[in-house]
Amino acid sequence: MKGFETNLRLQASSPALEFSNGFFFPKRQSLINPNLRNYYPRSSSPTMLKLFSSSASRVHHLTPAIRVGSGPVESPLFKSLSQLTGWNRRSASLGHRAFFCSEPTDGASDAEAAAEAGAKAGESDSEGSDSKSSSAIVPTNPRPEDCLTVLALPVPHRPLFPGFYMPIYVKDPKVLAALQESRRRQAPYAGAFLLKDDPSADSSSSTDIEKNINELKGKELLKRLHEVGTLAQISSIQGDQVILVGHRRLRITEMVSEEPLTVKVDHIKDKPFDMDDDVIKATSFEVISTLRDVLKTSSLWRDHVQTYTQHIGDFTYPRLADFGAAICGANRHQAQEVLEELDVHKRLRLTLELMKKEMEISKIQETIAKAIEEKISGEQRRYLLNEQLKAIKKELGVETDDKSALSGKFKERIEPNKEKIPAHVLQVIEEELTKLQLLEASSSEFNVTRNYLDWLTVLPWGNYSDENFDVVRAQHILDEDHYGLSDVKERILEFIAVGRLRGTSQGKIICLSGPPGVGKTSIGRSIARALNRKFFRFSVGGLADVAEIKGHRRTYVGAMPGKMVQCLKSVGTANPLVLIDEIDKLGRGHAGDPASALLELLDPEQNANFLDHYLDVTIDLSKVLFVCTANVIDMIPNPLLDRMEVISIAGYITDEKVHIARDYLEKTARGDCGIKPEQVEVSDAALLSLIENYCREAGVRNLQKQIEKIYRKIALKLVREGAVAEEPAVVIDPEEAEIVTKLDVESPEKSIAQENPVTSAEESKEQAQIEKVTVEKVMINESNLADYVGKPVFHAEKIYEQTPVGVVMGLAWTSMGGSTLYIETTVVEDGEGKGGLNITGQLGDVMKESAQIAHTVARKILLDKEAENTFFANSKLHLHVPAGATPKDGPSAGCTMITSLLSLAMKKPVRKDLAMTGEVTLTGRILPIGGVKEKTIAARRSQVKTIIFPEANRRDFDELAENVKEGLDVHFVDNYEKIFELAFGYDDHQIQTKQED
């Protein structure tokens with residue numbers, strides 16, 4: 001059986017297995033030695049030696065001669081097995097058969113025969129004393145059934161069955177001495193008992209089993225032994241090797257001594273059974289049938305049958321069950337279950353189940369082996385045919401070798417630009433080409449080298465695009481694509497002018513920062529078009545792997561170069577414009593810090609020798625123009641920000657958004673929807689309302705979405721109206737017209753159609769075209785704007801027409817642009833010594849500190865202005881900054897908070913249409929703030945006329961465009977005293993009159 005042979009091969013290749021108390025399984029090779037013949041009687045056939053060399057070390061057959069018979073035994077079972085194995089029991093060489101295994105049913109005649117056989121054996125072996133001592137056939141004076149006290153030998157792996165032998169190693173000197181003493185006393189018997197599993201042991205390796213068993217002695221060892229075992233004859237002892245031969249079943253009754261472990265046993269017999277029982281016969285015949293199937297596939301099992309029948313005798317029902325269980329590959333627990341079963345029928349059933357499993361395993365193994373053999377033979381045949389085909393093509397000159405073709409392709413790539421390729425790169429390419437020729441095409445290193453050469457040769461070494469240094473043309477392109485953005489356009493024109501004067505251009509790193517939707521990404525494409533450079537964009541938002549920038553090592557599976565090398569391969573030039581988007585959103589993970597990796601890429605002093613981990617050669621990126629985009633530059637690491645030239649794009653005011661919508665967004669949306677200009681008209685009032693009430697953010701992305709939404713609804717309306725007009729225009733087929741005429745001849749209209757149906761159809765077409773042309777033009781104005789875009793999203797930020805007492809308008813900066821916010825203060829309660837301040841509005845730590853500073857400065861100013869006023873000392877105040885759901889932080893609301901507190905204390909409102917911003921110190925000094933343009937735009941949107949800025953921000957305000965500053969009354973202050981005069985120094989009677997009006 002193939003499965004059994006495989007098990008034998010595995011056991012033969014494994015090291016010697018040691019077991020508890022010095023009992024070992026030897027290696028299979030250790031049994032095959034010149035002295036092995038001394039273990040057996042001279043009557044043993046060469047088949048027995050073959051069994052030694054081919055069977056597993058777990059169970060082997062060895063039986064000493066006990067009785068000798070001369071006549072053949074006519075057993076039906078044995079006849080079946082004889083036919084099965086092809087072995088003739090009446091062979092002349094086997095004229096005298098020796099039966100070695102004693103059964104519990106043997107009588108006195110058997111004992112006499114055994115004694116006689118022993119005497120004959122003694123005479124035949126009297127040639128040498130050495131052969132007598134080592135022979136497996138040891139005549140014994142006491143009968144096996146007289147052995148009621150035996151040494152208990154643990155068997156770790158499989159139980160010993162009657163009729164089979166088992167070699168073990170005994171390393172315990174006491175046990176070995178006891179075994180030798182038993183042989184000298186002519187009582188060479190011991191008990192072989194299978195070990196139970198150790199419940200506390202996790203490992204099942206032989207080394208762990210040996211350690212656990214060696215620690216057990218006496219009662220502990222007895223608890224680990226199965227009660228049912230086998231009476232074994234000590235056939236041979238050579239050194240520490242002992243060979244046991246199984247005789248009959250035993251059961252442990254009690255322990256006699258602990259070292260060595262000696263126990264009392266009972267000889268157990270099989271339960272009585274009926275030899276003529278049909279069920280037992282059928283079961284045994286099925287076992288024999290299964291044996292026949294197994295023997296067809298394995299000659300090893302055939303040797304077992306021949307040797308067993310030669311030395312044991314006839315195959316009775318119990319022996320047949322023992323034989324099948326012993327030679328099959330069942331585990332220790334299943335084999336022990338067969339050994340303990342005394343019911344012959346049940347034992348046969350258990351053996352049959354084990355053999356059926358072995359047969360199924362053999363079939364599965366045969367199927368697997370056949371499939372693998374077919375696959376291997378097919379691959380070998382395909383390989384040989386491919387090699388022959390390559391050789392034939394090479395001889396005929398039809399096709400060159402694959403490696404030669406690859407090398408030729410790589411050489412053709414570098415030949416046109418060979419002079420421009422740096423020397424160190426050219427050297428690496430030549431070395432890799434030589435290496436490619438030495439590698440086998442089927443090796444993994446070949447593919448790595450091929451991909452590496454592919455990347456090295458495809459890069460545009462020294463290949464630069466011709467730049468256009470025409471400043472007028474560049475100005476025209478930039479104005480054509482974008483409205484406003486004068487700072488960005490001016491910087492690009494400066495770059496072009498310098499390149500024209502120098503005759504060449506150098507790479508720069510420009511960072512465009514601003515709110516979303518202001519055109520940072522799209523301006524990069526326009527710059528590339530203006531400079532006549534190739535454009536490449538990649539986003540680094542959320543990037544957390546340095547290998548995306550610097551590439552992977554070539555040793556990794558699936559390694560690729562970084563983004564910059566991929567960019568050069570994609571654009572085909574060495575001086576593209578690379579737009580690195582969302583640089584303020586770089587991630588950081590376990591794979592490194594990409595922001596630090598970008599330092600080399602974006603440093604003009606280092607990127608001339610940029611090293612990619614995959615290419616492992618330096619690349620010159622000094623001619624590349626890098627344009628980065630960010631929403632907030634505060635999120636960019638300082639070392640990286642230091643290498644960039646930052647240009648802020650604050651956002652667009654309402655006038656600029658109107659121009660952008662008219663000149664860019666409307667045209668694009670109209671073209672995308674397939675609408676002609678004469679079909680739609682959007683009024684200026686509707687566009688202005690759309691910007692103010694729906695798209696108040698700094699950018700124009702949301703404005704673009706709303707305009708596209710309007711034109712989509714217009715397209716649907718035009719299609720519906722056109723479909724209604726086309727309904728009467730049905731082309732009438734002449735045959736159909738004739739049929740209709742026959743149905744209703746009296747109708748004059750039908751008569752006309754009958755006379756000239758084609759003319760009637762043409763007239764219907766012309767009428768439908770006229771109706772289609774006369775579809776009314778769609779007008780979008782402020783009144784019907786809500787029908788297209790829904791209800792207004794934003795409402796007027798200006799909550800108060802005239803701010804009441806304790807309320808002052810401030811200016812704030814957000815990532816979406818600027819906005820106005822109110823600082824509101826009110827009195828909670830009055831009382832002696834109850835002064836205090838409560839702050840709400842989801843304020844940050846910095847803004848809370850500004851509120852405390854404002855409270856202190858306001859008390860000081862009020863003390864100077866109105867010494868008798870004890871408002872702050874006796875009033876508990878509550879300061880709130882709407883909207884409460886929006887987080888707010890920053891120091892620029894300090895002067896606004898002071899003004900709100902003083903307004904409440906003096907019970908006097910501030911000037912109408914006044915907004916302010918600025919940080920305040922405890923001494924009343926006004927410090928500069930940021931976001932001047934955004935805050936100015938927010939003030940204009942809220943129709944504020946008077947603005948107060950810190951004196952230090954005068955330069956920032958002067959740089960603003962004139963259309964932004966137009967109509968504003970701006971005051972620059974450096975001390976709060978000036979703010980006090982501007983906020984409260986007005987005519988009270990005039991304000992009161994205006995309020996009454």
Worksheet item: Do the side chains of His247 and Pro162 get nearer than 4.5 Å, heavy atoms only?
Response: no

Practice prompt. Answer whether the closest heavy-atom distance between the side chains of Leu244 and Leu153 falls below 4.5 Å.
Written response: yes

Item to complete: State the CG-CZ distance between Asp270 and Arg248, to the nearest 0.5 angstrom.
Response: 11.0 Å

Worksheet item: Side chains of Lys357 and Glu360: does their closest heavy-atom pair fall under 4.5 Å?
Response: no

Discussion item. For a 4.5 angstrom cut-off between non-hydrogen side-chain atoms, does Pro154 reach Arg224?
Written reply: no

Discussion item. Determine whether Arg553 and Tyr556 satisfy the following criterion, side-chain contact (heavy atoms from CB on, under 4.5 Å), listing intermediate values before the conclusion.
Written reply: CA-CA 6 Å; Arg553 300 288 181 185; Tyr556 297 142; 4.0 Å; yes

Worksheet item: Any side-chain heavy-atom pair from Leu194 and Leu160 closer than 4.5 angstrom?
Response: no

Practice prompt. Measure the CD-CD distance between Gln336 and Glu227 for me, rounded to the nearest 0.5 Å.
Written response: 10.5 Å

Worksheet entry | Derivation of the side-chain contact (heavy atoms from CB on, under 4.5 Å) call for Leu179 and Arg183 | CA-CA 7 Å; Leu179 294 175; Arg183 281 178 57 83; over 6 Å; no

Worksheet item: Is the side chain of Ser284 donor-acceptor paired with the backbone N or O of Ile280 at a distance under 3.5 Å, no angle test?
Response: yes

Fill in: Shortest non-hydrogen contact from Gly239 toward Leu176
O-CD2, 3.7 Å

Item to complete: Output the distance between atom NE2 (His226) and atom CZ (Arg251), rounded to the nearest 0.5 Å.
Response: 13.0 Å

Fill in: Check: Gly229 main-chain N/O paired with Glu340 side-chain donor or acceptor under 3.5 Å
no

Fill in: Main-chain N/O of Asp343 paired with Glu341 side-chain donor or acceptor, under 3.5 Å
yes

Response to the item:
Residues passing the side-chain hydrogen bond (donor to acceptor under 3.5 Å, both in side chains) test with Ser257, sequence neighbours excluded, are Thr262

Worksheet item: Which residues satisfy the salt bridge (Lys or Arg N to Asp or Glu O under 4.0 Å) test with Glu254, sequence neighbours excluded?
Response: Lys264

Item to complete: State the CD1-NZ distance between Ile288 and Lys281, to the nearest 0.5 angstrom.
Response: 12.0 Å

Practice prompt. Could you tell me whether the side chain of Asp277 and the main chain of Val279 form a donor-acceptor pair under 3.5 Å?
Written response: yes

Response to the item:
Rounded to the nearest 0.5 angstrom, the OG1-CD distance for Thr351 and Glu337 is 10.0 Å

Discussion item. With a sphere of 6.0 Å drawn around CD of Glu379, does it hold more than 12 non-hydrogen atoms of other residues, nucleotides or ligands?
Written reply: yes

Worksheet entry | Partners passing salt bridge (Lys or Arg N to Asp or Glu O under 4.0 Å) against Arg184 (at least two apart in sequence or in another chain) | Glu181

Fill in: Non-hydrogen side-chain atoms of Leu225 and Lys196 separated by less than 4.5 Å
no

Fill in: Interatomic distance, Leu354 atom CG to Thr290 atom OG1 [nearest 0.5 angstrom]
11.5 Å

Worksheet item: Which pair of non-hydrogen atoms, one from Val287 and one from Leu348, has the smallest distance, and what is that distance?
Response: CG2-O, 4.1 Å

Worksheet entry | Minimum side-chain heavy-atom gap Val245-Tyr189 below 4.5 Å | no

Worksheet, complete the sentence: Glu286 meets the side-chain hydrogen bond (donor to acceptor under 3.5 Å, both in side chains) criterion, sequence neighbours left out, with Lys356

Worksheet item: Excluding sequence neighbours, so at least two apart, what forms side-chain hydrogen bond (donor to acceptor under 3.5 Å, both in side chains) with Lys174?
Response: Glu259

Item to complete: Taking side-chain hydrogen bond (donor to acceptor under 3.5 Å, both in side chains) as the test, write out the residues that go with Glu445, two or more places apart.
Response: Lys435

Item to complete: Look at the side chain of His267 and the backbone N and O of Cys147, then say whether any donor-acceptor pair between them is shorter than 3.5 Å.
Response: yes

Discussion item. Taking the side chain as everything from C-beta on, heavy atoms only, tell me whether Arg249 gets closer than 4.5 Å to Leu342.
Written reply: yes

Item to complete: Output, in order, the C-alpha distance, side-chain angles, deciding distance and verdict of side-chain contact (heavy atoms from CB on, under 4.5 Å) for Thr253 and Val265.
Response: CA-CA 5 Å; Thr253 58; Val265 296; 5.8 Å; no

Worksheet entry | Derivation and outcome, side-chain contact (heavy atoms from CB on, under 4.5 Å), residues Phe161 and Leu339 | CA-CA 7 Å; Phe161 280 89; Leu339 184 66; 4.1 Å; yes

Item to complete: Mark yes when over 12 heavy atoms from residues, nucleotides or ligands other than Phe273 sit less than 6.0 Å from its CZ; otherwise mark no.
Response: yes

Discussion item. Looking at every heavy atom in both Ser377 and Glu374, which two are closest together, and how far apart are they?
Written reply: OG-O, 2.8 Å

